[in-house]
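One structure is given here, and the rest of the page talks about it.
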Amino acid sequence: MRIGLITIVVAEYDPAIEFFVDTLGFELVEDSAALTNDGRPKRWVVVRPPGAETGILLARADGRAQAAVIGQQVAGRVGFFLQVGDFQSAYDRMVSLGVEFVRAPRAEPYGRVAVFLDIAGNRWDLLGPHQP
């Protein structure tokens, strides 16, 4: 058993793809034409970190109820966790590319952590090992 995909609701596909692929360095696994349950066109867009099994389905909000959860899928909590081998390099790269960090890097017993926002406004932990 495994988790294949999780969904992040976004306002538009292309800016979300740009953020996850160009800014975070994820791979674009799939970007295919699809249909909603009632037959309207949409896209099936999946990204994932290099080498990861679990992907993220970038789902454009469809209607008011879905638009209302953009950036609030986990009620303002950190709901996503990006683990990196070199925390400082990843942090510096992300800052240089304009990623918004809402909590500065800090040391915790499990490693270094800083909180950033994705393109939709969801909170993520950037996690890495302790470094000298």
I3, CD1: over 12 other non-hydrogen atoms inside 6.0 angstrom: no

Of all pairs that satisfy salt bridge (charged side-chain N to carboxylate O under 4.0 Å, His left out), the ones with a partner from residues 89-100, not counting sequence neighbours: none

Looking at every heavy atom in both [X] and [Y], which two are closest together, and how far apart are they?
| X | Y | answer |
| --- | --- | --- |
| G128 | F87 | N-CD1, 3.8 Å |
| V10 | A120 | CG1-CB, 4.5 Å |
| P49 | L82 | CG-CD1, 4.4 Å |
| G55 | V46 | CA-CG1, 4.3 Å |

Pairwise side-chain hydrogen bond (donor to acceptor under 3.5 Å, both in side chains) hits with a residue in residues 57-82, at least two apart: R40-D62

Residue pairs fulfilling side-chain hydrogen bond (donor to acceptor under 3.5 Å, both in side chains) with at least one residue in residues 114-127, sequence neighbours excluded: D118-N122, D118-W124

From CA spacing to verdict: side-chain contact (heavy atoms from CB on, under 4.5 Å), R48, T54: CA-CA 7 Å; R48 70 173 170 231; T54 301; over 6 Å; no

Sequence-distant partners of [X], side chain to side chain donor-acceptor pair (under 3.5 Å), two or more places apart:
| X | answer |
| --- | --- |
| S89 | D86 |
| R112 | Q88 |
| S32 | E30 |
| T36 | D38 |

Members besides V113 in its Ile/Leu/Val/Met/Phe/Trp/Tyr cluster (side-chain heavy atoms under 4.5 Å): V78, F81, V102, Y110, V115, L117, L127

Set of salt bridge (Lys or Arg N to Asp or Glu O under 4.0 Å) partners for D31, sequence neighbours left out: R43

By salt bridge (Lys or Arg N to Asp or Glu O under 4.0 Å) - contacts of R106 (at least two apart): E108

Sequence-distant partners of F19, ring pair (Phe, Tyr, Trp, His ring centres under 6.0 Å), two or more places apart: none

All ring pair (Phe, Tyr, Trp, His ring centres under 6.0 Å) counterparts of Y13, not counting sequence neighbours: none

Member of V29, L28, I56 meeting the side chain to side chain contact (heavy atoms under 4.5 Å, CB included) criterion with V45: L28

hydrophobic_cluster_shared for F26 and I6, side chain cutoff 4.5 Å: yes

Co-membership, hydrophobic cluster, residues F80 and V9, 4.5 Å side-chain: no

Ring centers of Y91, F116 separated by less than 6.0 Å: no

Heavy-atom check, side chain of L35 versus side chain of K42, under 4.5 Å: no

[X] side, atom [atom1]; [Y] side, atom [atom2] - distance, nearest 0.5 Å:
| X | Y | atom1 | atom2 | result |
| --- | --- | --- | --- | --- |
| D14 | I119 | CG | CD1 | 11.0 Å |
| L5 | L57 | CG | CG | 6.0 Å |
| T23 | I17 | OG1 | CD1 | 12.5 Å |

